[in-house]
There are 2 protein chains.
Amino acid sequence: MATAREVAEKAGVSVSTVGRALADDPRISAKTKSRVREVAGQLGYVGNLPARQMRGAKSNLIGLMLPDIRNYFYATIAEALSECCSSNGYQLALSIANDPETEARHVTELISARAAGIVIVPTANPKRETRDLLNNFPHVQLLRRVNSYKSAWFGINDEDCLCEGTKHLLNLGHQRIAYIGGSRDLSTGNARRAGFRRAFTEMGVDFDNAIEVFGPPSSAQYGATAVIDLLNRPEPPTALITGTIRVTQAILEILHQRGVSAPEDISIVGFGDNPEFKWWGPGLTTICMPIEDLATTCGLWFLHHIESEKPTNLLHSSLANASLTIRGSTAPPLK
Amino acid sequence: MATAREVAEKAGVSVSTVGRALADDPRISAKTKSRVREVAGQLGYVGNLPARQMRGAKSNLIGLMLPDIRNYFYATIAEALSECCSSNGYQLALSIANDPETEARHVTELISARAAGIVIVPTANPKRETRDLLNNFPHVQLLRRVNSYKSAWFGINDEDCLCEGTKHLLNLGHQRIAYIGGSRDLSTGNARRAGFRRAFTEMGVDFDNAIEVFGPPSSAQYGATAVIDLLNRPEPPTALITGTIRVTQAILEILHQRGVSAPEDISIVGFGDNPEFKWWGPGLTTICMPIEDLATTCGLWFLHHIESEKPTNLLHSSLANASLTIRGSTAPPLK
DNA sequence: ATGAAAGCGCTAACAA
DNA sequence: TTGTTAGCGCTTTCAT
């Protein structure tokens, strides 16, 4: 790769003139500028960012740490954030980490590269190392929240989401409702489960008939297994509500495979709003989250704080509200 | 951020001793090593990659340029490549670029950052600038192919894909078949269309009854519009085959919305193998691509070539074969 | 309007 | 076993 010195030699000027010409410094004559640019173009010169960073230039890299990019939910976040970064001169570095070790490694690498900042959807039980690293580096938490990270958080009102979905089922007259959710090691899993329970309390319905199933984060096989088990019970639940998108997908697939239909055999409220949920069977009643908006808000807030050198560790938190979209998969239970 | 010099001062040694201790150089005594590590830990020291790069260290950044991360197809590529990079000590920088300008900007930035290399799914009509840049930088093309890029290419056998899908319809007895595909400015769009045509030739069926509709890349609205138009014709096609995943999705949604059912009203072969295609209506007959495998193969090949400093501009090309999965959405036409 | 030189943080060749 | 020094490519004083 050509360096500024090579350009300088070929153009018959000094290195500093090259730097100034390319930076469009007013002190350089138009004639010199155009010649330098000419030569730079010929040589395919592209400024060396690492060298610039050593001179104090900040990196344009924003690290994004996600558990799973194949999940439409996270893909939407990546897209929104990428757009946000891109239009502000930044570049997204995507790290996919499902476990604390990989997470620690990627965080270290991003910090080593002196990225401008990190947007992270944390894993369930992060290593202390990760925490110490992040707490001394500009970052923001998205969706999931780890209390020991001293940083801002942008998430959705998980508890209300599930409370509303569950109330919809209770209002229809269901009592034996199953909740299949994500790991309680995650802030999201915990809050969603709390919302499920709160619905019963607030509606004054006995919780004894409720069923709760939890699984590891970013896996969904347990969801399919669980739903089959539930349907094989002597008294199967009359309704089902899910707590993660992956579980929703797994369940839709297994129910279709087994010929179980909603709402006749069981009513279903699905967590998440993938486009295909519209046309599953009679249309899936879903909990829809303004995820694109959340990601953009988070991105703008973060970039603004980075650029104005404001601290990002000020425990700011922003809650987005989800809404229930009622389709054909929920109906009153058969008497 | 703490520097090696600060660590050196606090540990009472020289900068080079710090560097060597942290690199586990055998010449440094165990005692010194542990003290240096101790101090480094206290100060939260993380080596400065930009500075190392100036000393010849190579970046661990692999740029991935995609048109659309929300497309499950591309998300799968990102996931596979991320995994591949991650397990080889690299890090993925994701750039989403749909148009030549954004593409040029991102390529410049990646090169400026002196990334280790770029994996690119090129846009339809890239700028000359992008071409000149890439041709002097390690890169590899994925899926789409631009002839003026002097580089290896990993893709699928698009022509055979569509030929096979079309033949399936012809074999069932369809003649009035519509093809709704992607832009012919793309190598993929072109090849798929050629496959559609070849099927008629090879089966000896008159092409006059066939219908072809093309649209811009990474948009799908035209697909939904086109399918409605087609169905409103006095003699609507009896079968439909799509040429992009986005179009497939758009069509499934609009058909569901309008109450058009397959295969009664029309037979459908969908391009792509999203999980939800299994349970659209009677199950969608699809063209499945070994995309994960393709991405991993591409990643391994590329990383290997980068590491062994082999040139990546050797016009290597690798074709993966797709297969047809027959489900309920295709049947013989009603007489 | 341009050049010379210092220095960012690090590694490696050379000294000791 | 450790320290000293030069230099990677760039920007930015300070000089001219």
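Only this structure's heavy atoms are used, side chains among them; waters, hydrogens and symmetry mates stay out. Proteins get letters first, then strands, A, B, ... in listed order; numbering begins at 1 in each.
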Could you walk me through whether B/R70 and A/Y72 pass the side chain to side chain donor-acceptor pair (under 3.5 Å) test, one step at a time?
-> CA-CA 6 Å; B/R70 294 170 80 172; A/Y72 185 76; 3.0 Å; yes
Is the phosphate of [N] approached by [X] (side-chain N or O, under 4.0 Å from OP1 or OP2)?
X	N	value
B/S29	D/dT2	yes
A/T32	C/dT2	yes
A/T17	C/dG3	yes

Pair listing, side chain to side chain donor-acceptor pair (under 3.5 Å) test, anchored in residues 290-299 of chain B, at least two apart | none
Of all pairs that satisfy side chain to side chain donor-acceptor pair (under 3.5 Å), the ones with a partner from residues 109-121 of chain B, not counting sequence neighbours |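 Not a single pair qualifies under side chain to side chain donor-acceptor pair (under 3.5 Å).
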Find the distance [X]:[atom1] to [N]:[atom2] and express it as a whole number of Å.
X	N	atom1	atom2	answer
B/Q53	C/dC10	CD	C1'	12 Å
A/R35	C/dA1	CZ	P	15 Å
B/D24	D/dT2	CG	P	13 Å

Rounded distance [0.5 Å steps], [atom1] in [X] versus [atom2] in [Y]:
X	Y	atom1	atom2	answer
B/T17	B/L22	OG1	CG	11.0 Å
A/I118	A/F137	CD1	CZ	5.0 Å
A/R144	A/N190	CZ	CG	12.5 Å

Per-nt protein contacts along nucleotides 8-16 of chain D (heavy atom under 4.0 Å; B base, S backbone sugar-phosphate only, - none) come out as BBBBBB---
